[in-house]
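Step one of this worksheet: look at the structure below.
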Amino acid sequence: MIFEPKINNIVSRWFLCFFSQSFKNEVIGNEDVYCTEEFAMVSVEIVFGNTPQLDFETYTLRLSTGDTIRYDDNEFSPFKVVLADDCLQILQGKQEDFIFMSQHKNTLLFQEQFVIGADRGHVYKYSGIREIML
């Protein structure tokens with residue numbers, strides 16, 4: 001019984017240290033902003049139904065500027081990145097329309113529209129699909 005408060009105190013201190021290191025406190029203007037320092041992204045799962053798996057290229061088109069955004073694909077993962085936190089600065093505080101597209105040998109496989117925005121920490125999907133069935 002004498003040992004119990006010390007263990008609880010040690011565990012409580014560990015949790016406090018762990019969680020305090022997981023968040024970054026930034027002051028922007030007069031406002032405190034807490035960020036988890038995790039890299040976030042909007043992604044979509046590509047599901048091959050009866051279609052044989054193809055070697056295809058994916059990219060995102062930013063409609064407001066016509067810019068093409070490409071991410072390195074992991075060919076073994078069914079999840080493809082639509083947009084990630086590297087676009088945080090250009091989207092902070094607003095939402096924009098994007099088209100996620102794929103081609104195989106110059107043939108369009110799909111194009112899907114997304115509305116994506118960002119706060120001061122991460123990008124977020126406001127509308128768009130979760131998976132694409134080929």
Side-chain angles (χ1 to χ4, degrees):
M1 292 264 236
I2 296 173
F3 217 44
E4 195 172 59
K6 289 182 180 179
I7 291 174
N8 286 338
N9 194 14
I10 291 169
V11 171
S12 298
R13 286 183 182 180
W14 182 84
F15 275 113
L16 181 62
C17 287
F18 175 77
F19 286 112
S20 68
Q21 296 302 313
S22 297
F23 296 93
K24 179 180 177 185
N25 183 7
E26 242 180 87
V27 178
I28 299 176
N30 292 331
E31 188 177 334
D32 280 341
V33 176
Y34 293 90
C35 180
T36 59
E37 293 190 8
E38 294 176 2
F39 190 74
M41 65 188 74
V42 174
S43 64
V44 66
E45 182 178 11
I46 309 295
V47 178
F48 290 91
N50 296 328
T51 306
Q53 189 162 348
L54 304 169
D55 180 26
F56 60 94
E57 173 189 20
T58 59
Y59 54 94
T60 303
L61 180 64
R62 184 179 178 198
L63 293 182
S64 66
T65 62
D67 292 341
T68 300
I69 304 161
R70 297 178 192 276
Y71 293 97
D72 290 334
D73 282 336
N74 176 350
E75 63 183 273
F76 301 108
S77 173
F79 294 94
K80 304 300 178 194
V81 178
V82 177
L83 205 67
D85 274 351
D86 59 344
C87 294
L88 180 65
Q89 299 255 333
I90 62 171
L91 287 176
Q92 190 172 342
K94 61 183 175 180
Q95 298 175 16
E96 287 192 27
D97 293 318
F98 294 87
I99 301 289
F100 183 64
M101 305 175 80
S102 178
Q103 290 185 341
H104 170 70
K105 296 183 180 179
N106 294 326
T107 301
L108 183 66
L109 293 178
F110 60 80
Q111 63 180 33
E112 296 292 337
Q113 185 164 353
F114 287 80
V115 176
I116 301 173
D119 60 12
R120 293 181 179 160
H122 299 293
V123 294
Y124 295 99
K125 176 176 74 170
Y126 289 92
S127 70
I129 61 173
R130 290 187 202 173
E131 73 177 23
I132 296 171
M133 181 71 91
L134 294 179

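The first residue of the sequence shown is numbered 1, and numbering continues consecutively from there.
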Check: Ser64 main-chain N/O paired with Asp97 side-chain donor or acceptor under 3.5 Å:
no

When rounded to the nearest 0.5 Å, the distance separating OH of Tyr59 from CG of Asp67 is 13.5 Å

Can you name the side-chain contact (heavy atoms from CB on, under 4.5 Å) partners of [X], sequence neighbours left out?
X: Ile90; value: Arg62, Cys87
X: Gln89; value: none
X: Val81; value: Met41, Tyr71, Ala84
X: Leu88; value: Ala118

Closest non-hydrogen atom pair between [X] and [Y], with its separation:
X: Leu109; Y: His104; result: CD1-CB, 3.8 Å
X: Val115; Y: Gln95; result: CG1-OE1, 3.5 Å
X: Val82; Y: Ile116; result: CG1-CD1, 3.9 Å

Before giving the answer on side chain to side chain contact (heavy atoms under 4.5 Å, CB included), spell out for Ile69 and Asp86 the whole-Å C-alpha distance, their side-chain angles and the decisive distance to 0.1 Å.
CA-CA 11 Å; Ile69 304 161; Asp86 59 344; 5.6 Å; no

Is it possible for you to say whether Leu61 and Leu108 belong to one hydrophobic cluster, with membership spreading through side-chain heavy-atom contacts below 4.5 Å?
yes

Full working for side chain to side chain contact (heavy atoms under 4.5 Å, CB included) between Glu112 and Ile132:
CA-CA 9 Å; Glu112 296 292 337; Ile132 296 171; 3.9 Å; yes

What do the steps show when you test Phe114 against Thr60 for side chain to side chain contact (heavy atoms under 4.5 Å, CB included), and what is the final call?
CA-CA 10 Å; Phe114 287 80; Thr60 303; over 6 Å; no

Is there side-chain contact between Leu63 and Glu96, with at least one heavy-atom pair below 4.5 Å?
no

Trace of the side chain to side chain contact (heavy atoms under 4.5 Å, CB included) decision for Phe110 with Val44
CA-CA 12 Å; Phe110 60 80; Val44 66; 5.7 Å; no

Checking Phe56 now: which residues fulfil ring pair (Phe, Tyr, Trp, His ring centres under 6.0 Å) with it, not counting sequence neighbours?
Phe48

Qualifying residues under side-chain hydrogen bond (donor to acceptor under 3.5 Å, both in side chains), relative to Arg130, sequence neighbours excluded
none

